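Worksheet: the structure to be examined is printed underneath.
These numbers were taken from a predicted model, which means no experiment stands behind them.
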Amino acid sequence: MEAPRSPEMLESDLTSAVTLLKHLQEQVMAVTAQIQALTKKVQARAYPTEKGLSLLEVKDQLLLMYLMDLTHLILDKASGGSLQGHAAVLRLVEIRTVLEKLRPLDQKLKYQVDKLVKTAATGSLSENDPLRFKPHPCNMMSKLSSEDEEEDEAEEGQSEASGKKSAKGTVKKYVPPRLVPVHYDETEAEREKKRLERAKKRALSSSVIRELKEQYSDAPEEIRDARHPHVTRQSQEDQHRINYEESMMVRLSVSKREKGRRKRASVMSSQLHSLTHFSDISALTGGTPHLDEDQNPVKKRKKIPKKGRKKKGFRRRR
Amino acid sequence: MNDTITIQSRKFMTNGLLQLKQMVTDVLQLGKATVPKTEIQEKLAKMYKTTPDVIFGFGLRTHFGGGKTSSFDTSVDYAKKNEPKHRPARHGPYEKKKTSRKQLKEHKNRMNKVRGTAKANVGAGKKK
């Protein structure tokens, strides 16, 4: 009331104030009636919340406390007191912060709450609910079933476990499947084909082709750093052997083949052979296989006449 | 370059089933030939503070290039119970049974013909 007011303004203000207050009174009476009905219902235990979501219950309680504090403040202010340092203000601020912090939790539970509400409204699970796809033992096929039941099963559609066979009725003796024995007759052509396939596979994983692949592929370049640069299959096998020997406290004997393999591996890795020689990719390009000077040429397999071969004793080539 | 022999033991385990202790021993002998088992025995006895006659070494293998040997060792503490007979035999005097193999087999075959407690009396046939 700082500036001097004309009586007209006061008049209009007064009338609007009176109408507003009347409205206020009516609304307050309506709200009070509703709240009293609600309170009666709650006290009559019409809304049991023990089995509900605790988050929602906490939010309920918090909102109620907020309302109570707010009304307390309004009461104080309306009766002319000041809000400076009022205890209810601090309480309000606290409740407000807690509600703000609960909001992300609310977001996370949104799906669950919506589903519960829908279930409560419709009375059953919705169609797209994945809980419907759990296995139902009543739908499973028994072992004694006939063809008709199998067809019914196919029409089921929804449950994933519909194809599962249930517990057996009677125990039947296991009969292994009888396969027709086929005569083995690998001709020379087939052997050639197999050899060619193997050579192709080996050529595909040679260094030349690998580098080409890396050049033209979109994948990022992999640099493998962790292992020893000269780790080979042979060294891994050696390590395996050493571990076995030490844990079993025995010494294993080394066969001739094993010795040959070891020697080859050590010789190969110690030479600078791989620096100047590329592996043979003629299987892919279709040319003649070229060999280095010190490698043996590919031997062609001779057909061993089986008739005249007699086993003189038992010679074991290990 | 020092000429001493260094012994390290790895994978030490007390084998409760056989009631002995077993380990893998690494011997570093620079500039020397492979260390004989008796020396390893003595050194281990000093390390583990026992007498050398309860330690048996076997499976010595020298790595390529020399300088390092690994061996297996067992140490038996309880009256040499479960040690296979050839190992103590290698380390010291060992008395073998005097009965020949043929005799044992004949005795067994005679026993097989009889049932029950009479098996014990079959030994009389042997003395004939």
Side-chain angles (χ1 to χ4, degrees), chain A residues 202 207 224-277 279 291-296 312-318, chain B residues 6-28 34-37 40-41 44 47-48 50 54-78 80-91:
Chain A
R202 235 179 291 144
S207 61
R224 283 172 217 205
D225 228 21
R227 286 154 109 217
H228 183 71
H230 295 300
V231 77
T232 52
R233 187 141 186 219
Q234 187 55 45
S235 54
Q236 277 180 319
E237 282 185 21
D238 280 341
Q239 196 58 43
H240 181 63
R241 173 183 288 264
I242 289 173
N243 286 340
Y244 180 85
E245 282 188 352
E246 290 191 346
S247 55
M248 299 286 153
M249 302 277 274
V250 289
R251 289 286 181 203
L252 298 167
S253 57
V254 192
S255 65
K256 270 195 205 161
R257 283 211 190 148
E258 199 46 49
K259 268 194 228 164
R261 253 182 252 157
R262 265 197 212 165
K263 202 167 163 204
R264 242 186 299 139
S266 67
V267 159
M268 281 296 211
S269 57
S270 58
Q271 285 177 357
L272 300 175
H273 185 267
S274 53
L275 279 179
T276 53
H277 291 91
S279 40
L291 294 158
D292 298 323
E293 305 84 47
D294 45 355
Q295 279 183 4
N296 297 328
K312 287 209 175 138
F314 179 57
R315 252 185 301 125
R316 225 174 145 213
R317 259 186 297 117
R318 279 171 83 242
Chain B
T6 321
I7 292 193
Q8 296 160 346
S9 67
R10 287 188 289 136
K11 295 205 174 171
F12 185 89
M13 187 169 95
T14 311
N15 191 335
L17 295 167
L18 296 173
Q19 282 160 352
L20 45 76
K21 300 186 189 346
Q22 64 194 39
M23 71 195 91
V24 177
T25 319
D26 274 342
V27 182
L28 300 164
T34 309
V35 179
K37 281 191 282 238
I40 301 180
Q41 208 179 17
L44 275 176
M47 256 168 63
Y48 288 101
T50 53
V54 291
I55 297 182
F56 304 111
F58 61 100
L60 268 92
R61 205 161 264 196
T62 313
H63 293 210
F64 187 73
K68 193 169 174 194
T69 315
S70 37
S71 82
F72 301 140
D73 281 290
T74 62
S75 154
V76 186
D77 277 343
Y78 304 102
K80 301 173 190 172
K81 239 205 255 184
N82 290 325
E83 194 74 6
K85 304 273 175 14
H86 62 272
R87 273 190 223 142
R90 288 176 187 169
H91 283 273

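Contact of Arg61(B) with chain A is made through backbone and side chain together, with heavy-atom distances under 4.5 Å.
In Tyr244(A), the OH atom is not crowded: 12 or fewer heavy atoms of neighbouring residues, nucleotides or ligands sit closer than 6.0 Å. For His240(A), the NE2 atom sits in a loose shell: 12 or fewer heavy atoms of surrounding residues, nucleotides or ligands are nearer than 6.0 Å. Other residues, nucleotides and ligands contribute more than 12 heavy atoms inside 6.0 Å of the CZ atom of Arg10(B). With a 6.0 Å radius and a threshold of 12 heavy atoms from other residues, nucleotides or ligands, Lys11(B) has its NZ atom above the threshold.
Of all heavy-atom pairs spanning Leu60(B) and Arg251(A), the tightest one is C-NH2, 4.5 Å.
Distance check: Met249(A) CE to Met23(B) CE gives 8.0 Å after rounding to the nearest 0.5 Å.
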